[in-house]
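Report on the structure given below.
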Amino acid sequence: HDATGTLDFNDFVNLMHIFRSTDGFTQAQVREFSDVFQTHTSNGKEEISYLEVLDILRFLGFVVDLERARRLARAVDTDETNSLDFRKFLRLMRMLREETVSALLKAFE
């Protein structure tokens, strides 16, 4: 942005690229999610199953049951492979964050 605090088109495009590649998370958060994701992949595979999603969410401290983990996973599994790559997993984490924030806001209305 310039001294006026406005974005030109190129700045906006760059900002949107960054936002889309991180789903609004900081670089540190993306690294943490990536590290956890990688520890749950095995044999060189780049994807995790819905059950592994549940394990990761619980490892990260979320209180979720299998049905909620499956619902979130299905929502981001657009190609219906029943597994998630890191990009889809990051999108799932974004959905989970939005649900959590929404529930908290509702609780304090």
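Note that the numbering runs from 1 along the sequence shown for the chain.
- Under the 3.5 Å distance criterion, the side-chain polar atoms of Glu98 are left unmatched by any main-chain donor or acceptor of Met95.
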* To do: Tell me, with the steps shown, if Val53 and Leu84 meet side chain to side chain contact (heavy atoms under 4.5 Å, CB included).
  => CA-CA 8 Å; Val53 168; Leu84 306 182; 3.6 Å; yes
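- For the pair Arg94 and Phe25, the distance from NZ or CZ to the six-membered ring centre is under 6.0 Å and the angle to the ring normal is within 45 degrees.
- Within the 3.5 Å criterion, the main-chain N or O of Val30 finds no donor-acceptor partner in the side chain of Ser34.
- Heavy-atom neighbours of Glu67 CD from other residues, nucleotides or ligands within 6.0 Å: above the threshold of 12.
- In this structure, the side chains of Arg70 and Asn82 stay at 4.5 Å or more apart for every pair of heavy atoms.
- With sequence neighbours left out, Glu99 forms a salt bridge (Lys or Arg N to Asp or Glu O under 4.0 Å) with Arg68, Arg71.
- A 4.5 Å side-chain heavy-atom check between Thr39 and Phe59 finds every atom pair outside the cut-off.
- Using a 4.5 Å cut-off on side-chain heavy atoms (C-beta onward), Met93 and Phe62 make contact.
- A distance-only check finds a donor-acceptor pair linking the side chain of Gln29 to the backbone of Thr26 [under 3.5 Å].
- In this structure, Ser83 and Asp77 approach most closely via the heavy-atom pair O-OD1, 3.5 Å.
- Under the 3.5 Å distance criterion, the side-chain polar atoms of Arg58 are matched with a main-chain donor or acceptor of Val64.
- A heavy-atom distance below 4.5 Å is not found between the side chains of Thr41 and Glu47.
- Here the straight-line distance linking atom OG of Ser49 with atom CG of Asp55 works out to 7.5 Å at 0.5 Å rounding.
- By the 4.0 Å N-to-carboxylate-O rule, Arg87 lies too far from Glu46 to be salt-bridged with it.
- The aromatic rings of Phe37 and Phe89 sit tilted, their planes meeting at an angle between 30° and 60°.
- For the pair Leu92 and Leu57, the minimum side-chain heavy-atom distance is below 4.5 Å.
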